[in-house]
There are 2 protein chains.
Amino acid sequence: MISFEGLRLEEGQPIYQQIVLHVKRGVVSGAIADGDELPSRRILSAVLGVNPNTVQKACRALEEEGLIASHAGARSFAVVTPEIIAACRAELVRGGAESWARAARGLGLGLDEALELIREVWDCSKEGEEP
Amino acid sequence: MISFEGLRLEEGQPIYQQIVLHVKRGVVSGAIADGDELPSRRILSAVLGVNPNTVQKACRALEEEGLIASHAGARSFAVVTPEIIAACRAELVRGGAESWARAARGLGLGLDEALELIREVWDCSKEGEEP
DNA sequence: TAAACCGTACTATGCGAATAATACAGTCGC
DNA sequence: GCGACTGTATTATTCGCATAGTACGGTTTA
């Protein structure tokens, strides 16, 4: 069963996108394997404290991207292939790195400064991680 | 006069926040100096192709943060102090670095992999820069 | 088979962002 | 002083996100 315990909803971004992102992170980190079952729409919405329609919207998006498969009437389950893992990894890590690098360059940072900054905040980012 | 030529509006984020971000980037990169005049709300809204109220909302936010000063009836101008530059720099670069580092760690990357990824996308981010 | 669960769809409502169209008062240059 | 500009405020409308409630048909399982 796919876990949504670590999902902390934040405002400023659509909830259904945060749910999609949580699944993609799980796929990339290996927490979600091929064939893993999703909680039902109703149960997941109760767990997250959001509306079932919001969960359904996220599931619809996930199915359109091929990350889950839904048989009307039965539980949905994850579809994880090496191609999907690679696609999610590229989207999540590399996409974020590119946008940050572009921003840093636009702000006048050099490569060495950027690398040093990452080194600094890397240790900082260790604090506050869940056990 | 503060330039907004390089501002390319994207959907998915409130326009007024993008305007605020553009000004902060200009302050950090040195493109905006203390006392620089802003285009009028009406002219800027025409240039960006958005509603004057949206520009006004951005200007209101900028004034509340102390980045611009507005005398009712006269042109607004930028207020750039070393403290403001430091604050903007911290908010823009370090904030982005922290969030990306946290995401990369959550995805199972190590520091060395993260640094290597930044090195890769750094060259990639050079392409597509405006002259 | 029948109850309990599942995915899916639909309409209605509230809210914030953005748009649109004004209106008013203060400042500047002639 | 006067006209052209400025910042500021107001109301109404549209759109996407989230909520709320309900309904239908398929699947599972006891």
Side-chain angles (χ1 to χ4, degrees), chain A residues 1-4 7-24 32 34-80, chain B residues 1-4 7-24 32 34-80:
Chain A
M1 180 70 69
I2 298 176
S3 168
F4 288 81
L7 217 194
R8 290 292 170 270
L9 265 21
E10 301 170 3
E11 50 187 82
Q13 192 184 5
I15 294 177
Y16 79 98
Q17 287 183 13
Q18 297 185 47
I19 296 174
V20 170
L21 222 56
H22 180 264
V23 172
K24 290 182 178 177
I32 297 178
D34 188 72
D36 280 2
E37 281 188 348
L38 266 80
S40 79
R41 317 296 206 240
R42 289 170 239 261
I43 289 184
L44 181 53
S45 66
V47 169
L48 297 178
V50 300
N51 193 275
N53 295 332
T54 304
V55 174
Q56 167 63 7
K57 191 169 186 176
C59 289
R60 185 179 181 81
L62 284 170
E63 193 175 15
E64 286 177 354
E65 294 195 57
L67 278 109
I68 69 173
S70 301
H71 301 211
R75 276 262 190 47
S76 302
F77 52 90
V79 178
V80 180
Chain B
M1 180 70 70
I2 298 176
S3 167
F4 288 81
L7 216 193
R8 291 293 171 269
L9 265 20
E10 300 170 3
E11 50 187 82
Q13 192 184 7
I15 295 177
Y16 78 99
Q17 287 184 14
Q18 297 185 48
I19 297 174
V20 169
L21 222 55
H22 180 264
V23 172
K24 289 182 178 177
I32 298 178
D34 189 72
D36 281 1
E37 280 189 347
L38 267 80
S40 79
R41 316 297 205 239
R42 288 171 240 261
I43 289 184
L44 181 52
S45 65
V47 168
L48 297 179
V50 301
N51 194 275
N53 294 332
T54 303
V55 174
Q56 167 63 7
K57 192 169 185 176
C59 288
R60 185 179 181 81
L62 285 170
E63 193 176 14
E64 287 177 353
E65 294 196 54
L67 278 107
I68 68 172
S70 301
H71 301 211
R75 274 261 190 47
S76 302
F77 53 89
V79 177
V80 180

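All values reported here derive from a predicted model rather than from experimental measurement. Note on naming: letters A, B, ... go to the chains in the order of the sequence lines (proteins, then strands), and numbering restarts at 1 for each one. FYI, side chains are in, hydrogens and waters are out, and symmetry mates aren't considered; it's all heavy atoms of this structure.
- No donor-acceptor contact under 3.5 Å links the side chain of B:N53 to the base of C:dA18.
- A sub-4.0 Å separation between OP1 or OP2 of D:dA9 and a side-chain N or O of B:R60 is present.
- Checking side-chain atoms of B:Q18 against main-chain N and O of B:Q13 turns up a donor-acceptor pair under 3.5 Å.
- At the heavy-atom level, A:R42 lies under 4.0 Å from base atoms of the strands shown.
- Two residues are said to be in side-chain contact when any heavy atoms from C-beta on lie closer than 4.5 Å; A:I19 and A:L48 meet this criterion.
- Both A:A74 and A:N51 lie near DNA chain D, and the one whose nearest nucleotide falls closer to the 5' end is A:N51.
- Once rounded to the nearest 0.5 Å, the distance linking CG of B:L38 with OG of B:S70 reads 7.5 Å.
- Between the CD atom of B:E37 and the P atom of D:dT6 there is a distance of 10 Å, rounded to whole Å.
- No engagement by B:L38 is indicated, since no non-hydrogen atom pair under 4.0 Å with the nucleic acid exists.
- Minimum atom distance to the side chain of B:I43 is reached by D:dT6, of the listed D:dT6, D:dT8, C:dT19.
- Using a 4.0 Å heavy-atom criterion, one finds that A:E11 contacts no nucleic acid atom at all.
- Atom C1' of nucleotide C:dC5 and atom CE of A:M1 are separated by 13 Å, given to the nearest angstrom.
- Of the candidate nucleotides C:dA9, C:dT19, D:dG7, D:dG7 has the atom nearest to the side chain of B:S40.
- The nearest whole Å value for the distance from the CD atom in A:Q13 to the P atom in C:dG16 is 19 Å.
- The phosphate of D:dA18 (OP1 or OP2) has no side-chain N or O of A:K57 nearer than 4.0 angstrom.
- Atom OH of B:Y16 and atom C1' of C:dA17 are 8 Å apart (whole Å).
- Looking at every heavy atom in both residues, A:S40 comes nearest to A:R75 through N-NE, 4.0 Å.
- Contact check, B:T54 against C:dA18: no side-chain N or O comes under 4.0 Å of OP1 or OP2.
- Distance B:E10 CD to C:dA18 P: 14 Å, rounded to the nearest Å.
- Of the candidates C:dA17, D:dT6, D:dC17, the closest approach to any side-chain atom of B:R75 belongs to D:dT6.
- Remark: P of D:dA20 and CD of A:Q56 are 17 Å apart, rounded to the nearest angstrom.
- Remark: C1' of C:dG7 and CG of A:L44 are 13 Å apart, rounded to the nearest angstrom.
- Going from atom CD1 of A:I15 over to atom P of C:dG16 covers 14 Å, rounded to whole Å.
- When the shell of 6.0 Å around CD of B:E64 is examined, it contains more than 12 heavy atoms from other residues, nucleotides or ligands.
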